[in-house]
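Quick note: numbers below take in every heavy atom, side chains included, and nothing from hydrogens, waters or symmetry partners. Read the numbers this way: they start at 1 and go in the same order the structure lists the ligands and their atoms.
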Amino acid sequence: MSRLPEPGNPRPAGDKVTSTGLKTRKLTGEKITALTAFDCLGASILDEAGVDLILIGDSLANTSLGYETTLPVSMEEMLSAVRAVKRGASRAMLVADMPFGSYQVCIEDSLANAIEFLKAGAEAVKLEGGASRSRLVSELSGNGIPVMGHIGLTPQSVHAMGGYKVQGKIREDALRLLDDALALEAAGAFCLVLEGIPAPLAAQITGALEIPTIGIGAGAGCDGQILVFSDLLGLSAGQKPKFVRQYAELRSLAIRAIESYCQDVREGDFPSASETYGKNPEKHTEKPA
Ligand code: KIV
């Protein structure tokens, strides 16, 4: 039995979330909810739960594909995830993360890659970096591609940062991040992810911008929050970052369910008669009259 949404099935009520609609939220003060998804099943769950924004994040690399960092994930892998998510969501706004290497080489390549994401079903792209990305952001926005910026702890720069460390702790770095945020807004970004920065700095940046901020490890003063799907649901193994609130413990639940299945199969308890077609096997071996 398929649990994926069938075309034509009723979808949750509510208007389609768009980049312009999210900007308006800043004025009304209604917080933005965001989560990652990498496939149709995950996207359909988020959409049904009423999440505003689904990020097809490059954390696909280290949460689902088994890479150690986000760096190796390719355009092809990201595009495949975007297409799958698109098939599962209709209300949430879909933002595709541009993977490492897809926007660093030159403006022309970056534009072509962003266009690929929009053709695959994304409604915006996200890219990491501050003021140095202004020209690219302006080029993409100028071509009708909404851009979400991402500053602070930017995982694609893990080697440059010397690890996954909170950013903006000293005054000089904090001022640079504020300048980065203002530069991205001026270049046309519709929204900014603030990751791994002190809460007072995130609140200050949020107050200085007209576009909304979405925080992850940046405190409650942002205009919205984002978490990684598998962290929120407790699907991943290992230690979680301090900022993760785990709302369920699905990994151990799933392991217990699968252990029970294995035991039932081994003991001949599954399938039972009610889970079997043609309960009377003799009937099927009888020769037709
Ligand atoms: O890839 C990702 O999941 C992200 C979010 C954590 C912001 O970039």
Whichever hydrophobic residues join Y261 through chains of side-chain contacts under 4.5 Å | V265, F270
Got a donor-acceptor contact below 3.5 angstrom from the T213 side chain to the D223 backbone?
-> yes
Could you name each residue pair satisfying side chain to side chain donor-acceptor pair (under 3.5 Å) that touches residues 102-121, not counting sequence neighbours?
-> Y103-Q156
Which pairs pass side chain to side chain donor-acceptor pair (under 3.5 Å) with one or both residues in residues 226-249, sequence neighbours excluded?
-> D231-S236, Q246-E249, E249-S252
Check: H150 main-chain N/O paired with E195 side-chain donor or acceptor under 3.5 Å | no
Just checking, any donor-acceptor pair under 3.5 angstrom between side chains of E275 and S272?
-> yes
Pairs under 3.5 Å, N/O atoms on ligand 1 and on the protein: can you put them in a table with the distances?
{"from": "ligand 1", "atom 1": "1 (O)", "to": "D58", "atom 2": "N", "distance (Å)": "3.1"}
{"from": "ligand 1", "atom 1": "1 (O)", "to": "D58", "atom 2": "OD1", "distance (Å)": "3.0"}
{"from": "ligand 1", "atom 1": "1 (O)", "to": "S59", "atom 2": "N", "distance (Å)": "3.0"}
{"from": "ligand 1", "atom 1": "1 (O)", "to": "S59", "atom 2": "OG", "distance (Å)": "3.3"}
{"from": "ligand 1", "atom 1": "1 (O)", "to": "D97", "atom 2": "OD2", "distance (Å)": "3.2"}
{"from": "ligand 1", "atom 1": "3 (O)", "to": "S59", "atom 2": "OG", "distance (Å)": "2.5"}
{"from": "ligand 1", "atom 1": "8 (O)", "to": "K126", "atom 2": "NZ", "distance (Å)": "3.0"}

